[in-house]
Amino acid sequence: QVSVVESGGGLVQAGGSLRLSCVASGRTSAIYPMGWFRQAAGKEREFVAAVNWDGSNTKYADSVKGRFTISRENAKNSAYLQMSSLKPEDTAVYYCAAGVIQKPGSNIEPWEYNYWGQGTQVIVSS
């Protein structure tokens, strides 16, 4: 079993930056893809970014491309989401996810991940 815990959310003004962190524990040797998703109030959970097992391949939603950067540090069983130029529409609960099967390309669907964190709230004020 794997546990995933996110941190780093908070309140920030539009144009500001935040760095989210995600730490996995347990059977971490089984983790390959890691991703970030978000869910705004009243909306469905949506893909934000994904990174493959060695960090050599990343994928971003069009809405965050050029502003967000995903990375991972396997020695620390961690993944990160650096968010810059934040907009009010980025306000959401952000979830980190870990998967056990790496698709060719990128894992961008929620069902392609096996383990989820509890989420961390990001609020961007205008």
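Since the model is a prediction, treat every value here as computed from it, not as a measurement. Just so you know, residue 1 is the first one in the sequence shown, and it goes up from there.
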Do [X] and [Y] have side-chain heavy atoms sitting under 4.5 Å apart?
{"X": "Thr91", "Y": "Gln121", "result": "yes"}
{"X": "Val4", "Y": "Trp116", "result": "no"}
{"X": "Gln13", "Y": "Val124", "result": "no"}
{"X": "Ser78", "Y": "Arg72", "result": "no"}

Pairwise distance [atom1]([X]) to [atom2]([Y]) - rounded to 0.5 angstrom:
{"X": "Arg67", "Y": "Ser84", "atom1": "CZ", "atom2": "OG", "result": "9.0 Å"}
{"X": "Thr69", "Y": "Arg19", "atom1": "OG1", "atom2": "CZ", "result": "10.5 Å"}
{"X": "Cys22", "Y": "Tyr115", "atom1": "SG", "atom2": "OH", "result": "13.5 Å"}
{"X": "Leu18", "Y": "Gln82", "atom1": "CG", "atom2": "CD", "result": "8.5 Å"}
{"X": "Lys76", "Y": "Ser21", "atom1": "NZ", "atom2": "OG", "result": "9.5 Å"}
{"X": "Ile101", "Y": "Tyr113", "atom1": "CD1", "atom2": "OH", "result": "12.5 Å"}

(message) Salt bridge or not between Lys65 and Asp62? Use side-chain N to carboxylate O under 4.0 Å.
(response) yes
(request) Go through the structure and list residues passing ring pair (Phe, Tyr, Trp, His ring centres under 6.0 Å) with Phe47, not counting sequence neighbours. (result) Phe37
(message) Minimum heavy-atom separation for Ala24 and Val2, please, with both atom names.
(response) CB-CG1, 4.1 Å
(message) Testing the basics here: between Ala79 and Trp36, what is the closest heavy-atom pair and its distance to 0.1 Å?
(response) O-CZ2, 4.0 Å
(message) Which residues pass the side-chain hydrogen bond (donor to acceptor under 3.5 Å, both in side chains) test with Asn114, not counting sequence neighbours?
(response) none
(request) Could you name each residue pair satisfying side chain to side chain donor-acceptor pair (under 3.5 Å) that touches residues 92-110, not counting sequence neighbours? (result) Arg38-Tyr94, Asn57-Ser106, Gln102-Asn107, Lys103-Glu112
(message) Tell me whether Glu46 contacts the main-chain N or O of Gln39 through its side chain, where contact means a donor paired with an acceptor under 3.5 Å.
(response) no
(request) Begin from the C-alpha positions of Tyr60 and Ile70 and carry the test side-chain contact (heavy atoms from CB on, under 4.5 Å) through to its verdict. (result) CA-CA 8 Å; Tyr60 298 92; Ile70 188 171; 3.4 Å; yes
